[in-house]
Amino acid sequence: MFVEAVKGDAEKAVKQSFIMQEIKNKYKLDVKSEDLEEYYKKIAEQNNYPVKEIRKFYMQKENSEKLKDQILQEKLMEMIKSKIQVKTK
């Protein structure tokens, strides 16, 4: 029973990943240096920390990739929300 549940979750995650990749490609979404700088400033402001130090932290490869993925996910969700129309009965 556990294996079936995990398999179902894995299949769902893979399908979501493919859909998100297709949306990203169709709408040519990517993370630009301006996006990164905006995020650095936002985090620095929220934490009362110098932007230079935030940038330095995120310039490390493992942190950089995670941040880019996060920003891209946010862009995808914003784009999807802008395309959705909610109908009420």
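Here the structure is a predicted model, which is why all the values come from computation and not from measurement.
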Which donor-acceptor pairs under 3.5 Å do side chains of residues 19-33 form with protein atoms, sequence neighbours excluded?
from  : atom 1 : to    : atom 2 : distance (Å)
Gln21 : NE2    : Asn25 : OD1    : 3.3
Asn25 : ND2    : Gln21 : O      : 3.3

When the side chains of residues 39-62 are checked against the rest of the protein, which donor-acceptor pairs come out under 3.5 Å, sequence neighbours left out?
from  : atom 1 : to    : atom 2 : distance (Å)
Tyr39 : OH     : Gln70 : NE2    : 3.3
Asn47 : ND2    : Ile43 : O      : 2.9
Arg55 : NE     : Glu37 : OE2    : 2.9
Arg55 : NH2    : Glu37 : OE1    : 2.8
Gln60 : OE1    : Asn63 : ND2    : 3.1

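Screening residues 75-84 for salt bridge (Lys or Arg N to Asp or Glu O under 4.0 Å), with sequence neighbours left out, gives Asp35-Lys75.
Atoms CG and CD1, on Leu76 and Ile80 in that order, are 6.0 Å from each other to the nearest 0.5 Å.
Taking 4.5 Å as the limit, some side-chain heavy atom of Lys68 sits within range of a side-chain heavy atom of Leu36.
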